[in-house]
Amino acid sequence: MKGLAQELGIVSPPAAVTEPDAEPHLRAADDTRYDPTPVEQKWAALWESDLTRYAPEPPTCGKPKYYVVEMLPYPSGALHMGHVRNYAIGDALARYMWMSGHNVLHPMGWDSFGLPAENAAIKHKRQPREWTLNNIAAMKAQMKRLGFSYDWSREIATCLPEYYRWNQWFFLKLFEKGLAYRKKSKVNWCPDCATVLANEQVVDGCCWRHEGTPVEQRELEQWSLRITNYSEELLQGLDKMEGWPERVRTMQRNWIGRSEGANVDFKLDGGTETKITVFTTRIDTIFGATSLQLAPQHPLVAELVGNDPAKLASLEQMLADQKKAREEGDIGSVDKKGFFTGHCAINPFNQERVPIWVANYILMDYGTGAIMSVPAHDERDFEFANKYGIEVRIVILPRRQQEPPEAGQPEQPVLPFVAEDSLLINSGPFNGMACEEAQKKMADFAEQNGFGKATITYRLKDWGISRQRYWGTPIPILYCEKCGLVPVPEDQLPVLLPENVEITLAGGSPLTRVKEFYEVACPRCGGTARRDSDTMDTFVDSSWYFYRYTSPINTAPFDSDIANYWFPMDQYIGGVEHAILHLMYSRFWTKFMRDIGLVKNDEPAQRLFTQGMVIKNGAKMSKSLGNVVSPDDMVARYGADATRLYTLFAAPPDRDLDWQDQGVEGVYRFLSRLYRFITENSVKMAAGEPREYDVAALAPGARNVLRKLHQTIQRITGDFQGRWHFNTSVAAMMELLNACMVKAELFAADSAAPKAFRAEVQRKMVLLLSPFAPYLAAELWTVLGEDANALLRHPWPIADPLLAKEDEVEIVVQFNGKLRQRLTVAHDAEDEAVRVTALNDEKVKEALAGKQIVKVIVVKNKLVNIVIKG
RNA sequence: GCCGGGAUGGCGAAAUCGGCAGACGCAGCGGACUUAAAAUCCGCAGACCAGAAAUGGUUGUGGGGGUUCAAGUCCCCCUCCCGGCACCA
């Protein structure tokens with residue numbers, strides 16, 4: 001299969017990864033250190049020529065499948081260290097899985113639509129397509145140089161028609177099922193992007209891409225996807241997703257923001273049938289409602305306010321304040337303001353008249369945009385009521401205060417009093433009920449009498465996907481003068497994005513200016529129609545790309561049978577910044593695909609891993625801070641292996657990593673030592689040569705090295721199967737090498753140690769190294785006379801617990817928990833024997849003189865603690 | 001305010017089950033090799049006190065309390081840092 005760039009006919013040759021001459025001091029004439037560049041380039045070239053090297057086997061191979069994906073990058077032009085870290089983690093895991101007998105799928109692709117390409121087009125006068133494809137070529141070259149084990153034959157780029165036509169296909173399916181709909185509404189508009197943003201893309205009132213650019217509210221008609229149809233399932237699913245970090249699950253729960261309550265209709269006083277529906281989570285306090293509060297944008301406000309100039313002015317002011325607060329990002333701290341409309345409504349529970357107010361703290365886009373205000377039992381209502389002198393009526397009391405211990409009035413609770421572990425008072429027929437019971441009974445009562453019902457409200461909103469930009473997937477919809485809205489027939493997909501379009505950030509969607517695209521004949525009536533000129537949010541692209549990897553075919557988004565073999569992903573790896581956006585959208589997409597029969601899984605990924613950021617000098621790497629470390633520079637100086645290994649060694653993968661240039665050097669020194677250790681003492685075994693040897697006959701020094709080897713296998717295998725703390729895996733390899741170097745004579749040419757023993761140590765060291773530093777591993781495997789091409793699927797070494805076990809252990813003797821003496825005893829020695837040994841030790845006896853022993857605690861292989869008095 | 005995650009030498013960190021705190025590495029110091037340097041190799045190294053030294057003692061995992069023979073680890077309270085949500089009715 002051809003490579004992607006080839007297939008496309010890349011406009012200019014891929015930018016070579018430049019490897020400037022390394023620092024002179026690293027390459028002195030008699031420098032004995034490992035020079036990674038020629039070695040790594042040799043293997044990179046060999047691996048490049050073998051396109052099926054990292055291809056999975058067919059599902060019938062009988063091996064357990066393992067599907068690991070790292071989040072695909074945006075092709076900005078160059079990899080940064082965060083990418084390297086992300087991919088080094090995934091690559092180590094993929095290689096370990098191959099070696100432990102799995103059928104591994106490990107693909108890579110490009111999230112290649114998006115605004116930066118348009119900005120580059122404006123700034124450098126280059127076409128987004130050309131710019132993007134060149135970036136892909138450059139970054140792919142970097143990835144190959146880094147030695148990642150991707151099956152490039154499955155590479156996808158979301159900006160290509162082969163891919164985005166399926167976005168369009170999905171859109172039509174969503175439209176067919178009523179899950180894609182058009183609505184005119186207030187939307188978030190970023191003036192710098194010159195386009196609309198989804199709610200998820202607004203951070204503190206500003207654009208997620210342009211910190212400090214406040215998002216404006218504009219009234220626009222655009223396409224939305226009904227992700228809210230899945231609110232409940234998206235929420236419920238989180239409980240079962242134990243392979244996902246709690247942090248991400250919590251963030252998604254917060255984002256979905258489910259709250260249980262009830263809608264209640266208040267009729268307008270004055271005989272009309274007009275109703276105001278409020279949403280409340282505390283219907284049990286409805287007898288304490290002393291006003292209704294409407295959001296300034298509430299549709300009824302205009303009618304209630306009429307043309308009273310004072311009220312109109314207040315309303316205007318309120319809207320302006322809200323806008324300002326939103327732009328400053330401190331909505332919560334704004335002073336509560338409001339005014340009485342002059343109208344009242346009727347509380348359906350007690351037929352009381354309650355005044356209707358408009359208040360700036362009521363949000364139109366949550367619940368119904370109207371609330372019943374219960375000042376006694378809600379903090380915000382309390383504050384508002386005090387300011388405007390609205391009645392405060394207590395309708396619940398803490399249980400213990402229901403029957404005062406002494407005569408007299410029950411003690412007043414401190415207001416506002418919100419505890420749900422309370423009982424109702426002043427609530428007519430509901431008096432004496434517990435809050436929880438009342439909530440149910442009152443909602444039922446409302447429903448039976450037709451003025452309300454139990455309701456669940458979510459904070460999650462539908463996903464607005466229209467973008468007024470060029471570089472994205474065209475929305476496959478036409479607007480015909482006669483037929484109205486017409487979906488593009490499926491067999492006419494893809495709707496190709498036109499090329500050579502003039503890009504500006506002004507004047508709405510660039511596509512409206514491309515006549516041959518914009519103006520078309522209606523497929524139904526042949527009359528004049530125009531295309532939807534918006535493109536899709538790029539989060540559509542990334543919502544399903546990992547399915548496409550499994551079978552990039554041209555008759556469907558992917559082959560369902562093959563997808564069902566690989567899905568769910570066993571492991572998904574990426575940055576936590578996608579916790580809500582991408583990870584919520586792709587869960588939604590999976591559920592939709594399941595519902596139309598494309599896949600069987602409910603969730604895309606069994607396990608999710610979110611790696612920490614790479615920072616330097618305590619701050620995120622950025623050009624403006626001048627603290628960016630270029631992977632190319634590191635690769636040129638220390639090699640790909642050392643660069644990757646350092647990203648794993650410097651910190652546990654889930655924590656932020658503070659980059660230190662000298663740290664890479666340390667890891668590089670380790671690789672050099674290992675290189676020298678094996679090349680200078682290499683033990684090659686012939687094909688039929690026996691690999692067995694008598695362990696019991698090994699000299700103590702050799703036995704210690706063998707023990708350390710098996711302990712190292714245990715530790716590294718444990719890290720892969722457990723917490724992924726590869727920093728300790730690397731440390732363990734360093735310890736093993738140190739142990740070998742200390743006993744260098746064991747491996748010298750004239751060594752008395754069995755050849756098979758020496759070979760075993762060297763071979764297993766290389767096997768352990770290979771998931772982390774594949775180039776050096778391949779080189780050393782060859783040095784040992786083995787076939788480096790077979791290394792990828794060579795069985796992972798298995799630790800022998802008997803060989804790993806210590807014969808003797810050092811235990812400590814404590815007096816009341818304080819260390820007093822160290823003793824060496826046999827491993828697993830009987831507690832009683834250890835106790836006797838400890839108590840008979842000269843130093844211990846001396847220290848015990850005149851003291852009374854209260855108790856002696858023996859912990860096997862650890863310590864003896866003597867509890868003394870006096 | 002609510003939720004989640006953190007705080008361990010000069011620095012990155014380790015200690016996976018309550019049992020020797022500081023593995024491994026960086027930086028540092030001392031030594032070997034070298035005309036010299038680089039590279040490499042060997043050794044020292046939490047802090048404080050005593051000692052010429054070997055060594056001995058005290059103290060020490062953000063702060064305070066508790067449980068325990070024993071706490072970086074478990075419980076309660078507090079401080080600070082990072083992330084998410086936040087006038088969500």
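Residue numbers begin at 1 in each chain, while the letters A, B, ... track the order of the sequences. The analysis underlying the following values was restricted to heavy atoms, covering all of them including side chains, and did not include hydrogens, waters or symmetry mates.
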(message) Strictly by Watson-Crick or wobble contacts shorter than 3.5 Å, is anything paired with B:rG30, and which nucleotide is it?
(response) B:rC42

(message) Could you tell me how far apart A:L671 (CG) and B:rU40 (P) are, to the nearest whole angstrom?
(response) 13 Å

(request) May I have the distance from A:M251 (atom CE) to B:rC2 (atom C1'), rounded to whole angstrom? (result) 15 Å

(message) Any side-chain N or O of A:K860 below 4.0 angstrom from OP1/OP2 of B:rG19?
(response) no

(request) Under a 3.5 Å limit for both distances, which nucleotide forms a Watson-Crick or G-U wobble pair with B:rU73, could you say? (result) none

(message) What's the gap between B:rG62 and B:rG5 when it is taken at their C1' atoms, as a whole Å value?
(response) 16 Å

(message) Is A:N738 close enough to B:rC24 that one of its side-chain N or O atoms is under 4.0 Å from OP1 or OP2 there?
(response) no

(message) Expressed as a whole number of angstroms, how long is the span from A:L238:CG to B:rG4:P?
(response) 15 Å

(request) Pull up the glycosidic torsion of B:rG28 and say syn or anti, syn being anything within 90° of 0. (result) anti

(request) Return the 5'-most residue of the pair A:D719, A:Q660 with respect to RNA chain B, ranking by each residue's nearest nucleotide. (result) A:Q660

(request) Taking only Lys NZ, Arg NE, NH1 and NH2, and the carboxylate oxygens of Asp or Glu, determine whether A:R282 and A:D381 approach each other closer than 4.0 Å. (result) no

(message) For the C1' atoms, the ones on B:rA38 and on B:rA45, what distance do you get once it is rounded to whole angstrom?
(response) 25 Å

(request) Based on the glycosidic angle (syn within 90° of 0, else anti), state the conformation of B:rC26. (result) anti

(message) Counting only heavy atoms not in A:E436 (residues, nucleotides, ligands), do more than 12 fall under 6.0 Å from its CD?
(response) no

(request) Return the nearest nucleotide to the side chain of A:V812; candidates are B:rG4, B:rA13, B:rC20. (result) B:rC20

(message) Can you work out whether A:R282 or A:P652 has the more 5'-proximal nearest nucleotide on RNA chain B?
(response) A:P652

(message) Checking base pairs now: Watson-Crick or wobble, both atom distances under 3.5 Å. What partners B:rC2?
(response) B:rG84

(message) Go through it in stages, so that I can follow the logic: the residues are A:E806 and A:Q711, the test is side-chain hydrogen bond (donor to acceptor under 3.5 Å, both in side chains), and I'd like the CA-CA distance, side-chain angles, deciding distance and then a yes or no.
(response) CA-CA 10 Å; A:E806 301 280 355; A:Q711 289 172 346; 2.9 Å; yes

(request) Please state how far atom CD in A:E680 lies from atom C1' in B:rA39, giving the value in whole angstrom units. (result) 13 Å

(message) Categorize A:E810 for me: base, sugar-phosphate, or nothing, with a 4.0 angstrom heavy-atom threshold over every strand shown.
(response) base

(request) Report which part of the nucleic acid A:R673 touches: base, sugar-phosphate, or nothing (heavy-atom distance under 4.0 Å, all strands). (result) sugar-phosphate

(message) Could you tell me if A:R249 sits above the aromatic ring of A:W255, with its cationic atom closer than 6.0 Å to the ring centre and no more than 45 degrees from the axis?
(response) no

(request) Please check if atom NZ in A:K387 has more than 12 non-hydrogen atoms from other residues, nucleotides or ligands closer than 6.0 Å. (result) yes

(request) Let me know the distance between CG of A:D658 and C1' of B:rG6, rounded to the nearest Å. (result) 15 Å

(request) Using a 4.0 Å heavy-atom cut-off across all strands, classify A:V867 as base, sugar-phosphate, or nothing. (result) sugar-phosphate

(message) Strictly below 4.0 Å: does A:R669 bring a side-chain N or O up to OP1 or OP2 of B:rA27?
(response) yes

(message) Check this one for me: any side-chain N or O of A:K855 less than 4.0 Å away from OP1 or OP2 of B:rC69?
(response) yes

(message) Can you tell me which nucleotide in B:rC85, B:rA13, B:rC87 comes closest to the side chain of A:R459?
(response) B:rC85

(message) Would you say A:N738 and A:R673 are linked by a side-chain donor-acceptor pair, where the criterion is simply a distance under 3.5 Å?
(response) yes

(message) Does B:rG56 have its OP1 or OP2 closer than 4.0 Å to a side-chain nitrogen or oxygen of A:K843?
(response) yes

(request) Would you mind pulling out the nucleotide paired to B:rA13, Watson-Crick or G-U wobble, both distances under 3.5 Å? (result) none

(request) Remember a base hit wins even if backbone is also touched, and classify A:Q662 as base, sugar-phosphate or nothing at under 4.0 Å, heavy atoms. (result) sugar-phosphate

(message) In whole Å, I'd like the distance from the CG atom of A:N360 to the P atom of B:rA89.
(response) 18 Å

(request) Determine the interatomic distance between C1' on B:rU55 and the same-named atom on B:rG28; round to the nearest Å. (result) 25 Å

(request) May I ask you to verify whether the side chain of A:R822 and the base of B:rC20 hold a donor-acceptor pair under 3.5 Å? (result) yes

(message) With rounding to the closest Å, how many angstrom separate the P atoms on B:rU58 and B:rC77?
(response) 34 Å

(request) Return no unless some side-chain N or O of A:R33 is found under 4.0 Å from OP1 or OP2 of B:rA38. (result) no

(request) Mind listing the closest non-hydrogen atom pair of A:D828 and A:K805 along with its distance? (result) OD2-NZ, 4.4 Å

(message) Tell me whether the side-chain N/O atoms of A:R715 come closer than 4.0 Å to OP1 or OP2 in B:rU16.
(response) no

(request) Report yes if at least one side-chain N or O of A:T728 is closer than 4.0 Å to OP1 or OP2 of B:rA15; otherwise report no. (result) no

(message) Please give the distance between the C1' atoms of B:rA70 and B:rG19 as a whole number of Å.
(response) 7 Å

(message) Between C1' on B:rA13 and CG on A:D654, what's the gap in Å once rounded to a whole number?
(response) 13 Å

(message) Using only modelled atom types and a 3.5 angstrom limit, is any donor from either the side chain of A:N254 or the base of B:rC85 paired with an acceptor on the other?
(response) no

(request) Specify the closest pair of heavy atoms between A:M613 and A:R85, including all atoms of both residues, with the distance to one decimal. (result) O-NH1, 3.4 Å

(message) Counting the atoms with a prime plus P, OP1 and OP2 as sugar-phosphate, which does A:F670 contact under 4.0 Å by heavy atoms, base, sugar-phosphate, or nothing?
(response) nothing

(message) So, OP1 or OP2 of B:rA14: does either fall under 4.0 Å of a side-chain N or O from A:R655?
(response) yes

(message) Between B:rA15 and B:rC74, how far apart are the two P atoms, rounded to whole Å?
(response) 14 Å

(request) Give the rounded distance in Å between these two atoms: CD of A:E246 and C1' of B:rG84. (result) 13 Å

(message) Could you check whether A:K336 makes a cation-pi contact with A:F384, meaning its NZ or CZ is under 6.0 Å from the centre of the six-membered ring and within 45° of the ring axis?
(response) no

(message) Give me the distance, rounded to whole Å, that separates B:rU73 from B:rG66 when you measure between the C1' atoms they each carry.
(response) 15 Å

(request) Determine the Euclidean distance between corresponding P atoms of B:rA54 and B:rG46; express it in Å to zero decimal places. (result) 13 Å

